[in-house]
Amino acid sequence: MQSIRRFIRPLLIPFLAILSALIVGGLIMAFFGDTSGTLMERLWRPVRAYQSLFEGAFGSGRGLSTTIRKMTPLLLTGLSVAVAFKAGLFNIGASGQFVMGSVFSVAVGINFPGLPPFIHLSLALLAGMLGGAIWGAIPGLLKVYTGAHEVIVTIMLNYVAALFAGWTVYAGGTQGQQPGPLWDTTAGPISETPDVLASARIPWIFGPPYRVHYGILIALAVAVFIWWLLYKTTVGFEIRTVGQNMKAARYAGIRVRWTIIFAMILAGGLAGLAGGIETLGLNHKFAPEFGGGVGFDGITVALLGQTHPLGVIFASFLFGAMDAGAAKLQFDTRIAQDIVQVIQALVLAFVAAPTIIYTIFRMKPDPEEVESAPTVNWGAG
Amino acid sequence: MRVSKRSFYLVALLAIAAMLFGACAAPVAPTEAPADDSGAAASDAAAGDAEAAPSDFQIGLVTDVGRINDRSFNQSAWEGVVQFAEAAGMSEDNYRYIETQDSKDYADNMQQFIDNGYNVIVTVGFALADATLTAAQENPDIYFIGVDQFQAEEVPNLTGLIFHEDQSGYLAGVLAARLTQSGTIAAVLGTDLVPPVVAFNEGYITGAQSVNPDINIISTYHPGGMDVAFVDPEWGANTAKQALDQGADVVFGAGGLTGNGALQEVAVAAEGGAQVYCIGVDSDQWETVPAAHPCLVSSAMKLITPGVGELLTAAQNGEFPGGNYYGGSGLAPFHDFEDSVPQEIKDELAQTKAGLDDGSVTTGYGQ
């Protein structure tokens, strides 16, 4: 029994958080906005909405493919945030790392014609990881050598990355402003890169209109690798020890500084890979509006997944499905798609503050669990 | 204590499972009973699932990233759909919209309507041009209306609803030239990299000169690239301020947020007691920029709502034009300035509009 409890317990908070968010979201749909109809009709409305959301995400081949497409970058940015959490670091910079990964990947992807496909694609993906890793290493190094808090630095670097990316594809102005180095010279006034060469594109598993590429398999393999790294290797043990108690880790002879830097490089590389996969698999070019929003969603996904790689897989699947079903929800029920973001935000609130869940469901908090809740030691490092 | 807690978890898990399976199984129910149409509830879901009867005329609209009630292009286009549908007595289930959340979702959102057998799909905004063209080529039996999407090649089932920006610019120029006391008017514009902006400006200049050949016109394009030219209200405000300092007393702001910045700067001057006016662009900016009320006499509009209606009528009658279709241009209502614009100016504007429509007045742009 004890072992079952140990298995169930970490799933409990996420499940109850999702349940609570769906209930609160349902109440919002029932009692705000369209106030026509009887009470029963209004209470029925969220049920229909969730049904549409579900159908939109899973009810057809196209829905499923959209779910997978939306899940792929979330899985990797979620892992990025989760890995940093394990080392006691809060990586708000997945967005910027994602953008840098996109830019580095596209820079390799649009150049070097004539390379064999597999090699070109591998190089482009590695470039994406490198771009993200560099962007993750900066806050790691600054934290270790100057004490600058990684939260502040990663937030700032998001802006730097977005502006840098914007510059690389800048179309130039009419008064002598030079275009950026990656700009597509045939794009006229539009700031974007040329299309990635065919040899650097991730092949489709199912082509248009499904648009599912092999990126999902890469992402899943990476998730398993990260799980192995964190729980089956010395490096992973060091990362987790540093995250739990930095002083004890140092006393035990772990190279804390190196571990922090390594964790940030790893986190950045994962988010950069997300950008690379999204660019080489789906967008096939880079433009500023592609942005790094999934980097922020990665925070929610990581928390919902309890910062465990396997949990992150499920969390990203769930969020991908919600994003995929949103259009169908609006089509069927005329409820604004924003409700999906509201629900996702509620999930974040409930997961980040498990005390709310304990109070609502009259549970006795597990002392161990509260200690290790990912947001408890904010700013402690 | 332990037992009760564990049973509680069990209940919670069961509840979630029930929810998921319920969502899974439920879709059958509403489609079975579309006849008992007590509320919108049952029929809404039914229309989503059921295959449309071939005789049904169904219209879908996909917005650009943003809201349906943006008081701008999305809203104008949707109003066109609603007016057409109400006039045709269509059931509310047969015209719907999807608000785009992410520019990567354009194709998916259109597909939602395609999958449900819709006859006409309206897509709003230049940014959807590529996705709309692709969808139109893949679905030759569905009519597509691309609002503000210029068609370089003619696809028979796709019509770009575009506008003679020079004509609404011309009307704005006539109005500005009539209103000015100082003999100096100004235009604060987005970049000249974008043809419609140039058209607005050229029309504005010829329109003003048609009233007063010696009029002094300070028109300034934003010097930056596409990324900043339409989102730089600060530059717009500074440029408008400069123009006011140089004696301009009517300012035409045409360039997204940049133009709005100009309008707001002029509004500040007007609130300070100066006799100055501003003219907005694209949609009726009285609705979109409340801060400009002190000076906003009118806006040089693209008449999207009637244009969408005309194309929907054509689609219903099987006379869909394909290629490009020019919607009407005109000035927005004067709102609070209704009384301060003399009747003879209103008459002149009406005459000019009629002349532009029948071709007896030309703007000189593109000729």
Side-chain angles (χ1 to χ4, degrees), chain A residues 1 5 8 12 15-16 18-19 22 36-38 41 44-45 47-48 50-56 58-60 62 66 166 170-175 177 179 188-191 208-209 211 282-283 288-290 293 323-324 326-328 330-334 336-338 340-341 361-364, chain B residues 1-2 5-6 8-9 12-13 15-16 19-20 22-24 26-27 30 38-42 44-45 47-49 60 62 65 67-68 92 96-105 107-109 111-116 127 134-135 138 191-194 221-229:
Chain A
M1 258 351 251
R5 269 180 62 78
I8 295 280
L12 205 61
F15 266 120
L16 293 180
I18 294 164
L19 183 67
L22 287 175
S36 62
T38 65
E41 279 168 358
W44 186 242
R45 198 187 298 152
V47 178
R48 281 193 307 116
Y50 288 138
Q51 173 192 321
S52 292
L53 193 65
F54 191 86
E55 285 172 46
F58 306 112
S60 65
R62 239 179 30 77
T66 309
Y170 179 48
T174 48
Q175 296 187 352
Q177 297 94 329
I190 296 167
S191 296
R211 295 193 293 150
L282 187 63
N283 302 331
E289 69 261 25
F290 292 149
D323 289 344
K328 172 103 172 124
Q330 180 161 44
F331 177 87
D332 285 351
T333 65
R334 295 166 204 269
Q337 289 173 51
D338 306 54
V340 171
Q341 282 160 12
F361 292 94
R362 296 167 182 279
M363 289 159 55
K364 212 163 38 167
Chain B
M1 192 60 208
R2 209 166 237 198
K5 208 193 274 177
R6 201 176 310 135
F8 171 73
Y9 303 155
L13 282 170
I16 293 159
M19 209 155 184
L20 290 175
C24 227
S38 50
D44 263 10
D49 302 319
V62 178
V65 177
R67 315 303 308 268
I68 194 76
E92 269 202 22
R96 290 161 189 271
Y97 61 80
I98 294 177
E99 291 171 324
T100 302
Q101 304 267 314
D102 180 339
S103 58
K104 284 178 228 164
D105 296 340
D108 286 328
N109 292 346
Q111 195 67 37
Q112 196 73 244
F113 291 115
I114 295 168
D115 290 349
N116 283 284
T134 309
E138 285 168 4
T191 174
D192 56 356
L193 293 165
V194 178
Y221 288 104
H222 193 287
M226 284 290 288
D227 53 332
V228 289

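Side-chain atoms are counted along with the backbone in the values below, which use heavy atoms only and exclude waters and symmetry mates. Each chain gets a letter, A, B and so on, in the order its sequence line appears, and its residues count up from 1.
For chain B, the nearby parts of A:Ala327 are the backbone and the side chain; heavy atoms of each come within less than 4.5 Å. The part of A:Leu282 that comes within reach of chain B is its side chain, from C-beta onward, which places non-hydrogen atoms under 4.5 angstrom from that chain. Neither the backbone nor the side chain of A:Ala326 comes within contact range of chain B; no heavy atom of the residue lies under 4.5 Å from a heavy atom of that chain. Using a 4.5 Å cut-off between heavy atoms, A:Tyr170 contacts chain B through its side chain alone, with no backbone atom that close. A:Ser52 does not touch chain B: none of its heavy atoms, backbone or side chain, sits under 4.5 Å away. Looking at A:Arg211, the atoms closer than 4.5 Å to chain B (heavy atoms on both sides) all sit in the side chain, from C-beta outward.
Between chain B and the residues A:Leu53, A:Asn283, A:Ile18, the most heavy-atom pairs under 4.5 angstrom are made by A:Asn283. Contact count against chain A (heavy-atom pairs under 4.5 Å) is highest for B:Ile98 among B:Ile68, B:Thr134, B:Ile98. When each of B:Arg67, B:Glu99, B:Glu138, B:Gln112 is scored by its heavy-atom pairs under 4.5 Å with chain A, the top score falls to B:Glu99.
Between the side chains of A:Gln341 and B:Gln101, at least one donor N or O lies within less than 3.5 Å of an accepting N or O.
Without hydrogens or angle criteria, A:Glu289 side chain to B:Ser103 main chain gives no donor-acceptor distance under 3.5 Å.
Taking the ring centroids of A:Phe331 and B:Tyr97, they lie at or beyond the 6.0 Å cut-off.
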Original post:
Please walk me through it: do A:Arg62 and B:Asp108 pass side-chain contact (heavy atoms from CB on, under 4.5 Å)?
Top reply: CA-CA 9 Å; A:Arg62 239 179 30 77; B:Asp108 286 328; 3.4 Å; yes
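One finds no salt bridge joining B:Arg96 and A:Asp332 here, because no Lys/Arg side-chain nitrogen approaches an Asp/Glu carboxylate oxygen to under 4.0 Å.
We find the NZ-CG distance between A:Lys328 and B:Asn109 to be 13.0 Å, quoted to the nearest 0.5 Å.
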